[in-house]
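Per chain, numbering begins at 1; letters A, B, ... match sequence-line order.
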Number of protein chains: 2
Amino acid sequence: MLKKERQAYILHQVNLHNKVLSSSLSQEINVSEDTIRRDLQELADEGKVIKVHGGALSHSFSQVYYHPTHNIYSHEQKKTIAQKAAALIQDGMFVLTTGGTTILEMARTLSPHLRATFISGSIPAVLEYMNHPNIDVILIGDRVSKNSKITVGGEAIAKIKQIRADLCFMGMNAIDIQHGITDNDWDIVQLKKAMIESSQKVVCLTIAEKINTLQPIHICNVSDIDILITELPPDDPLLKPYRDAGIEIL
Amino acid sequence: MLKKERQAYILHQVNLHNKVLSSSLSQEINVSEDTIRRDLQELADEGKVIKVHGGALSHSFSQVYYHPTHNIYSHEQKKTIAQKAAALIQDGMFVLTTGGTTILEMARTLSPHLRATFISGSIPAVLEYMNHPNIDVILIGDRVSKNSKITVGGEAIAKIKQIRADLCFMGMNAIDIQHGITDNDWDIVQLKKAMIESSQKVVCLTIAEKINTLQPIHICNVSDIDILITELPPDDPLLKPYRDAGIEIL
DNA sequence: CAGCTTACTGCGTTTTTATGCAGGATTTTC
DNA sequence: GAAAATCCTGCATAAAAACGCAGTAAGCTG
């Protein structure tokens, strides 16, 4: 088993269960605990997990209480993105959304006059939508993934496939002109794939930091999305390849 | 259980109940009181809790008492109910629940050791269940009713009917020996009816205040429920008619 | 392809951390 | 003011981490 492969597996386990033990991982993958520890160290250095004595925890574990500085930092950027995104929604539309902080920010930005229907499996997102007086909210049901606070599974995917939405807002973790959009959680990748299929227009939201980055699992090609929104101005050179690929940049 | 994990659990409990006892925590998590004390000390050093003799308090507690007396009053009652209810749940069970403050209180009371599957359409309830390390959560999807924060509609009912749960916990608004259980929201009545049908045992939770009261819409007869839980001792005369009707009173 | 370099992994040893336990000190409670 | 509960302190132990080292695999270069 290759190192990257192993680390992707570890990351997946962390995202799935919110915690991993060095000892059990070492048994599962048949490597020494030393190796696991080194992997966890690397993942921790990249900020992907939180290393603790005996194993590691998902970031979502302390997220609630920690992260004041970094959050506020990228918060401004996300606000910019949110405003651009919210402007796309018109009265009467059916809007499908994933979870994620960028989407949450968009939910908070919505005009109180907007009359639309929002469909999502993300619990934090739904909580935000609920606060809007004129928005109808449809919650996609299924098993709840604890770290991402979103419903995942076959039922959820089947339900999404029954929908024909006008717009799909997708928060994403990595986009690359060659490999397209990628992510690190199998279940969520399945969800996102279904959402793309069920929507007339796909809008991707991301902070510029994630442009030209890669994650292990493939969601779709760059050509499958319609609009890309970042905090940068549309003519930023970083975005040129995507504009050339025929994507509308906002 | 990892140290951070344990501390996160403690912190959660403190924020939830405003106070924790070292003794009960040590039992819940199965570690010595010394360890708990050290954890509390660390959390206190980080300013996250206030350590006191015998346990710790939430920070919000030290500030001026806001809580209106009535709230604290019925809160204590609901805690009593919650404890009785939580004792019914055993490992491996499938549990169907409605929403409501009494149910929420029960969710907060659940032992961290409990391994069970909770199924609900109530968003606040699901948020609570999600905090438990060993509980699987299934969210029932459909249109979100904004005032009750629960999913309602045909899809939700259809989904519930597919389930065979071991236990159903139902918070209720009114019970009367003659008219049975009644409520005032059409959609929620439909949901509750479906839940009763899909469960082996139906457990009703209510504060005694609502005993012998009436609401406009009929859910089921007294004979359709198996267990009734209130804050009163089981032999309270107010409950006698229900005991005589063959319901188990806790 | 031979030789060199580099990256990865496992092992033994040392160091650190986490936890429980015993005892005496301190606080709470009645 | 005495009994009970809770605390602190130091210590023992087991688990985990860190460190250095060596063997091996993989990659590169001429």
Side-chain angles (χ1 to χ4, degrees), chain A residues 1-59 61-62 65-66 178 184 213-216, chain B residues 1-59 61-62 65 72 76 79 83 111-113 133-134:
Chain A
M1 193 179 219
L2 287 94
K3 189 180 158 193
K4 282 281 167 197
E5 201 181 347
R6 195 178 55 229
Q7 292 192 355
Y9 175 81
I10 294 175
L11 196 54
H12 184 229
Q13 290 298 314
V14 173
N15 285 334
L16 214 58
H17 300 117
N18 279 323
K19 85 164 179 190
V20 289
L21 304 180
S22 309
S23 53
S24 47
L25 277 177
S26 112
Q27 286 195 331
E28 283 171 40
I29 324 188
N30 261 328
V31 291
S32 75
E33 292 199 24
D34 269 296
T35 304
I36 297 292
R37 222 175 285 120
R38 276 185 277 242
D39 283 340
L40 290 179
Q41 188 60 56
E42 280 185 41
L43 291 170
D45 288 346
E46 295 169 38
K48 298 189 178 163
V49 302
I50 298 169
K51 193 170 174 303
V52 296
H53 203 92
L57 298 174
S58 145
H59 231 274
F61 222 90
S62 49
Y65 306 99
Y66 276 115
Q178 196 179 351
N184 61 28
T213 64
L214 210 55
Q215 293 280 342
Chain B
M1 195 178 217
L2 298 165
K3 190 179 155 192
K4 279 271 177 198
E5 200 182 352
R6 194 178 56 229
Q7 293 190 355
Y9 176 80
I10 293 175
L11 196 53
H12 182 236
Q13 290 298 315
V14 172
N15 288 334
L16 223 54
H17 300 118
N18 283 321
K19 79 168 181 195
V20 289
L21 302 179
S22 308
S23 53
S24 47
L25 278 176
S26 115
Q27 286 194 331
E28 283 173 37
I29 323 188
N30 261 329
V31 292
S32 75
E33 292 198 26
D34 277 287
T35 304
I36 297 292
R37 218 174 289 118
R38 277 186 274 241
D39 282 339
L40 291 178
Q41 188 60 58
E42 281 185 39
L43 291 170
D45 288 347
E46 295 169 39
K48 295 184 179 168
V49 302
I50 297 169
K51 193 169 174 304
V52 294
H53 200 94
L57 298 176
S58 145
H59 222 274
F61 211 78
S62 69
Y65 281 33
I72 281 185
E76 281 307 314
K79 265 187 172 165
Q83 279 159 13
S111 149
H113 297 299
N134 293 311

**Message:** On the nucleotide dT9(C), are OP1 or OP2 found under 4.0 Å from the side-chain N or O atoms that Thr35(A) carries?
**Reply:** no

**Message:** Which is more 5' along DNA chain C, the nucleotide nearest Glu42(B) or the one nearest Asp34(B)? Just name the residue.
**Reply:** Glu42(B)

**Message:** Rounded to whole Å, please give me the gap between CG in Leu21(A) and C1' in dA18(C).
**Reply:** 15 Å

**Message:** Measuring only between side-chain heavy atoms, which start at C-beta, is His12(A) closer than 4.5 Å to Asn184(A)?
**Reply:** no

**Message:** Is any side-chain heavy atom of Glu42(B) closer than 4.5 Å to one of Lys48(B)?
**Reply:** no

**Request:** Identify the heavy atoms of Leu40(A) and Ser22(A) that sit nearest to each other, and give their distance.
**Result:** CD1-OG, 3.8 Å

**Asked** Between Arg37(B) (CZ) and dC21(C) (C1'), how many Å, whole number?
**Response** 12 Å

**Asked** Is Val52(A) close to Lys3(B) at the side-chain level, that is, under 4.5 Å between some pair of heavy atoms?
**Response** no

**Message:** Need one value for Ser22(A): base, sugar-phosphate or nothing, where a base atom within 4.0 Å counts as base even if backbone is also close, heavy atoms only.
**Reply:** sugar-phosphate

**Request:** Please report, rounded to the nearest Å, how far the P atom of dA17(D) is from the CD atom of Glu33(A).
**Result:** 7 Å

**Asked** At under 4.0 Å, does any side-chain N or O of Arg38(B) touch on OP1 or OP2 of dT17(C)?
**Response** no

**Item:** Nearest-Å distance for atom pair NZ/C1', residues Lys4(A) and dC8(C)
**Value:** 13 Å

**Request:** Take atom CG of Leu25(B) and atom C1' of dG20(C), then tell me their distance rounded to the nearest Å.
**Result:** 17 Å

**Message:** How many whole angstroms separate atom CD of Gln41(A) from atom C1' of dT16(C)?
**Reply:** 15 Å

**Asked** According to a strict under-4.0 Å criterion, is Arg6(B) in side-chain N/O contact with OP1 or OP2 of dT19(C)?
**Response** yes

**Asked** Within this structure, what is the CG-to-P distance between Leu2(A) and dA25(D), rounded to whole angstrom?
**Response** 15 Å

**Asked** Could you state the NZ-P distance from Lys51(B) to dT26(C), rounded to the nearest angstrom?
**Response** 15 Å

